[in-house]
Structures are given as structure tokens and as C-alpha cells.
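Here is the structure we will look at.
Counting starts at 1 for both ligands and their atoms, in listed order.
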Amino acid sequence: MGNDHSPPEVADVSRVTTKTVQEMKEAGVPIAALTAYDYTSAYLFDQAGVDVLLVGDSASNVMAGNETTLPITLDHMVYHAQCVVRAIDRSLVVVDLPFGSYQGDSREALQSAIRVMKEARAHAVKMEGGTEVADTVERIVDAGIPVMGHLGLTPQSIYNFGTYQVRAQDEEEAKQLRADAKRLEAAGCFALVLEKIPAELAGEVTAALSIPTIGIGAGDETDGQVLVSHDALGLSTDFNPRFVRRYAHLEETITEAVGEYVSDVRSRSFPSEGESY
Ligand code: KIV
């Protein structure tokens, strides 16, 4: 925290905005982002100081149990975003536009973004893709809606990639990614997620852009980091890529706690007299 002798850190703001994350890049203060999908988790993450809460379409996987992010709908995303926005005090809430809600044409994309902002009161939207979505980004930004881009491994294109392996390992794809990043910046994106690309390329793109980059599996030279909260908290342990660091082991904790509850119910040791009326 700032005191009488030192200026306040940019991250000490009472409300993180798109301007704050830009200032964090400029001041060299790393941006901490995490996914959130529900009220209770969002409340805890916000209180713990997460700068950016991403209502990711990974909700399709971790909340709904789908194999990919493709099935989740705009209605579902609006619902998750509403729950998250109700909980927060400080974090910037960015909401994924789901597959099928923005690729058709930029008018449809704008309508989707407006729904997210109006119905969920979110602060920004995120879209996957490069040059092919740049005109759409421009249209949404022109309407006053901040847009975060997403390059590298873009899970909505999984059937096109055919694999979740690291992207842009060859020079042709790396060159395209550099060009896409520049195009998205020019289109008005306020930040870019870089997913699962070589650390060196992510560092290069980060240095070449004036907007912040937020990495996931993209090394330590991006302006910030994001993880899927279920991975970071050890709630979904069947997904073990090397970029995930587990800060808790909630799968074990919850399984043990619930097992104890079941056993207390069976043995009639719950509820006790003190837990009854
Ligand atoms: O949907 C999501 O969780 C994401 C992050 C992995 C960046 O897009």
C-alpha cells in the first residue's frame, strides 16, 4: 500500500479498470487474472486481490462437464457473468463471447457483446481469433465496449487444430501470431490473452505491443498470468498440463469432508443434540 513517502502502487486501486491494467503494464506490475463462474468463488477471488476475473467459456468444461468449450451458449455465459458481477468489489470482470455468438458477422457479435454488458453488467468481453475477427473487434470497441483478444491455443477452434498441443512452434504460425497481435491492438483490444505458445514468442509479442498481454502456458514474460480456477485450486485433477500450478488440493479436501459427512449421517452422529431444535 502507498504511504506518506511513497506513491500508491497502480494495483492499489479500489476498482480495476481497463486503464488500470494498461498502467500496470507500463509500471511493470504483473496482472493476476483467474477464471470465475459463480458468486461465492468470485467473492473470494475478488477479496483475495485478483485483478481480472475472467468468466471463461471454460465454464463449459468445469461447470457443465462438457468435453470442449463449444456447447456453452450466450444465455449460459450471461448467467455465469451475472453471478460473478454481483460478487465483486474491485476486480475487472471480462466475459468470454461463446462459440457461435460472434463469428457469423460483426452485427451479431455486437448484439452478443451488448447482451453481456447490459444483462450481466460486465466490464469487458473476450473473443478468440486474430485478423479474421479484427473488424468485429473494431465494431464492438466503437460501441464503447472494451474487448480482450485471445491468440495461440484458442479452444473454440479445437476441431480445427485437432490437438491441445503448444501452438506457433513453427515460424509460419509464429509470424501469423505476431501479425494477429498487432492487428488486434490496432483494432482497439485493451489486452490480449496468449495461450500455450513458446515463452520466447510470448515475450517478443509482449515487448512489441503497448497493450498488456496475459499468458496461460506462455511463460513468464507476459504482463500477467491467468489460470482456470478449478486447475489452480486442484478441483479438477484429471487435467495436468505443465503450465498449471496447484495452489490447493480441493478435490482431496472436499472428497474427504463429504465422505466424513456421509459417514456421520449413516452413523447418526450428525446431527447432535446441539445441532437440533
Ligand atoms: O475460458 C477460459 O477459461 C479462457 C482462459 C483459459 C484464458 O479463455
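For the residue pair Tyr79/Glu119, the side-chain donor-acceptor check at 3.5 Å is not satisfied. Side-chain contact check for Thr206 and Thr213: at least one donor-acceptor pair (N or O, by modelled atom type) lies under 3.5 Å. For the residue pair Gln225 / Thr222, a side-chain donor-acceptor distance below 3.5 Å is found, with atom types taken as modelled.
Atom 6 (C) of ligand 1 has its closest protein heavy atom at Ile216 CD1, 3.6 Å. In terms of protein heavy-atom proximity, atom 2 (C) of ligand 1 is nearest to Ser58 OG, 3.2 Å. In this structure, atom 5 (C) of ligand 1 lies nearest to the protein heavy atom Leu54 CD2, 3.7 Å.
Listed here is the closest heavy atom pair of Pro212 and Ile31: CB-CD1, 3.7 Å.
Ligand-side atoms of ligand 1 in range of Asp96: 1 (O), 2 (C), 8 (O), range being under 4.0 angstrom from any heavy atom.
Just one residue in the list Lys25, Glu26, Met24, Gln22 forms a side chain to side chain contact (heavy atoms under 4.5 Å, CB included) with Val10, and that residue is Met24.
Assignment of Lys126 to the shell around ligand 1 is supported, since a heavy atom sits closer than 4.0 Å.
For ligand 1, one of its N or O atoms has an N or O atom of Asp57 under 3.5 Å away. In terms of polar-atom proximity, Thr35 is not counted as a contact of ligand 1, lacking any N or O under 3.5 Å from an N or O of the ligand.
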